[in-house]
Amino acid sequence: MQLTSTQRIEDNPLKERDVGVPQPDDPDVLIQVDACGLCHTDLHVIEGELPPKRSPLTPGHQVIGVVERMGREVSGRTIGERVGVAWLHRACGECAWCSSGDENLCERALFTGYDVDGGYAEYIKAPGNFVYSIPRVFTSEQAAPLMCAGIIGFRSLRVAGVQPGERVGLFGFGASAHLAIAVLRSWKCEVYVSTRGKSHRELAESLGATWVGSETEKPPVELDRAITFAPSGDVVLAALASLRKGGVVAINAIHLDRMPQFDYDTLLWGERQIRSVANMTRADARDFLALAAEIGLRPRVTVFSLDQANEALMAVKRDAVDGAAVIVP
């Protein structure tokens, strides 16, 4: 399913195309796709909220499939291995960021389904050292949302500095938050959820949230940490207003509609902090996948066929999916 020009998803911009199977270069593996998760970042790319990088483009960056062929320079992978492909297609490995372990900030990084073709397809190629073995306990449909919603949610908890037993707020409760809550509960945290949508609130309650309220309700206690998942500056301020002194808000979004003016004295003073979450590292991916298998995390998924990609993304945009949406070829 290809994008040739940025448009609103309501206009069905993704078109089904027959294209050649990608040919892996020496560092690459060729993967036959089993499933690909859908993400709000896909919408930002398709609708032009992120600047276009190439045309035509095959979106999708939460890809699960089986290695079918390998380039001559690939090591550590095997034919027939089930692997995942995430947002970070590759980093340069040479810059100051990469050298310090912060490859998520690499200035020459390329991103799956944005700089290079992604997983809304039957095949994808990716560097062999930027794919990840998938634990057998997950089906491919369950594993797909782990590759971004799960990994970036996990990184958000790290960026926020969450410690076991703390009071943590989740503002918005879509694909990423419904996975993050399982990690927080395994860390014995109290989880407070503010979100729109009755079905999202019911899902949060069923997954063990300590308190659940609407997007306009404030948690009944001061929070140690908060993660925002909606691409809204208003949500960031709501989270900030819920913090104790010294608390941290981590913004899990590649794009915000705006950052509203706010009162420093009442919202930020007291050594409260706002931190952005940028991309992910390979260490984040490996650590999260191991933890997800260990704690028995099971994503809630709604499955669509590949040719329903526009319809599926519309459901994501309208918050009509509880948990995560996944497409299968």
Side-chain angles (χ1 to χ4, degrees), residues 1-4 9 12-25 28-43 45-46 54-71 77-89 111-128 130-151 175 285 289 298-317 320-321 323-329:
M1 297 293 287
Q2 284 193 334
L3 177 73
T4 55
I9 195 62
N12 296 313
L14 297 177
K15 306 300 182 185
E16 188 172 357
R17 298 283 188 265
D18 288 323
V19 299
V21 174
Q23 299 302 304
D25 298 316
D28 296 337
V29 292
L30 176 67
I31 300 164
Q32 185 172 14
V33 176
D34 287 340
C36 183
L38 277 65
C39 178
H40 271 282
T41 299
D42 298 336
L43 282 168
V45 170
I46 291 165
R54 59 179 292 169
S55 178
L57 171 71
T58 302
H61 59 271
Q62 302 187 93
V63 192
I64 305 296
V66 176
V67 175
E68 190 169 283
R69 203 184 328 155
M70 300 191 299
R77 305 264 73 96
T78 59
I79 300 296
E81 179 184 8
R82 192 171 61 138
V83 297
V85 180
W87 171 242
L88 184 61
H89 175 77
F111 299 103
T112 312
Y114 187 37
D115 294 292
V116 301
D117 284 332
Y120 290 12
E122 295 175 321
Y123 286 91
I124 185 175
K125 69 175 182 178
F130 278 86
V131 302
Y132 311 93
S133 295
I134 300 301
R136 293 182 180 180
V137 295
F138 301 112
T139 67
S140 293
E141 291 83 1
Q142 290 172 331
L146 302 181
M147 300 312 301
C148 179
I151 295 168
L289 289 170
R298 291 294 180 271
R300 307 285 182 95
V301 298
T302 301
V303 178
F304 298 82
S305 62
L306 178 61
D307 60 3
Q308 292 178 304
N310 290 299
E311 176 185 338
L313 284 163
M314 177 58 67
V316 171
K317 184 175 182 177
V321 176
V326 174
I327 56 176
V328 296

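What you see is a predicted model; the values in this text were computed from it and never measured.
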For Val316 and Ala325, the nearest pair of non-hydrogen atoms, with its separation, is CG2-CB, 3.9 Å
Leu306 meets the side-chain contact (heavy atoms from CB on, under 4.5 Å) criterion, sequence neighbours left out, with Met1, Tyr120, Ile327
Check your understanding: Should Leu313 and Ile46 count as side-chain neighbours, where that means a heavy-atom distance under 4.5 Å?
Key -> yes
### Query
Taking side chain as C-beta onward, heavy atoms only, is Tyr123 less than 4.5 Å from Ile31?
no
Applied to residues 304-317, the salt bridge (charged side-chain N to carboxylate O under 4.0 Å, His left out) test, sequence neighbours excluded, yields Glu10-Lys317, Glu47-Lys317
Rounded to the nearest 0.5 Å, the CG atom of Asp42 sits from the SG atom of Cys148 at a distance of 8.0 Å
Open item on the list: Contact between Lys15 and Pro56 at the side-chain level, heavy atoms closer than 4.5 Å - yes or no?
Closed with: no
Parallel, tilted or perpendicular: ring planes of Trp87 versus His61, cut at 30 and 60 degrees: perpendicular
Heavy-atom closest pair (Gly119 atom, Val63 atom, distance to 0.1 Å) is CA-CG2, 3.7 Å
Would you say Ser55 and Thr4 make side-chain contact, with heavy atoms under 4.5 Å?
yes
Those residues at least two apart in sequence (or on a different chain) that pass side chain to side chain donor-acceptor pair (under 3.5 Å) with Asp34 are Ser140
| After noting the C-alpha distance and the side-chain angles of Val303 and Val328, does the key distance pass the side chain to side chain contact (heavy atoms under 4.5 Å, CB included) rule? | CA-CA 7 Å; Val303 178; Val328 296; 3.9 Å; yes
**OP:** Evaluate the side-chain proximity of Val33 to Ile64: yes if any heavy-atom separation is below 4.5 Å, no if none is.
**Re:** no
dist Leu14:CG -> Asn310:CG (nearest 0.5 Å) comes out at 4.5 Å
(Q) Does any part of the side chain of Tyr132, heavy atoms only, come nearer than 4.5 Å to the side chain of Met147, both counted from C-beta? (A) yes
Would you say that Val83 contacts Val66 through its side chain, given a criterion of any heavy-atom pair below 4.5 Å between the two side chains? no
Arg69 meets the salt bridge (charged side-chain N to carboxylate O under 4.0 Å, His left out) criterion, sequence neighbours left out, with none
Of Lys125, Glu68, Met70, Glu81, the one forming a side-chain contact (heavy atoms from CB on, under 4.5 Å) with Val29 is Met70
Distance col, row Gln62:CD vs Thr112:OG1, nearest 0.5 angstrom, shows 10.5 Å
Phe138 and Arg82 have their tightest heavy-atom pair at O-NH2, 2.7 Å
Glu122 meets the side chain to side chain donor-acceptor pair (under 3.5 Å) criterion, sequence neighbours left out, with none
field: Heavy-atom side-chain contact between Val326 and Pro145 under 4.5 Å
entry: yes
Residues Val19 and Gln2: closest non-hydrogen pair is CG1-NE2, 3.8 Å
Minimal heavy-atom distance between Ala126 and Val131, with the atoms involved, is CB-CG1, 3.8 Å
Note: Ala143 and Ile134 closest approach over all heavy atoms is CB-CG2, 3.7 Å
Taken in chain and number order and not counting sequence neighbours, the residues that satisfy salt bridge (charged side-chain N to carboxylate O under 4.0 Å, His left out) with Asp117 are Arg54
Here the gap from Cys36 atom SG to Ile124 atom CD1, rounded to the nearest 0.5 Å, amounts to 7.5 Å
Quiz question: by atom type and distance under 3.5 Å, do the side chains of Thr58 and Arg17 form a donor-acceptor pair?
no
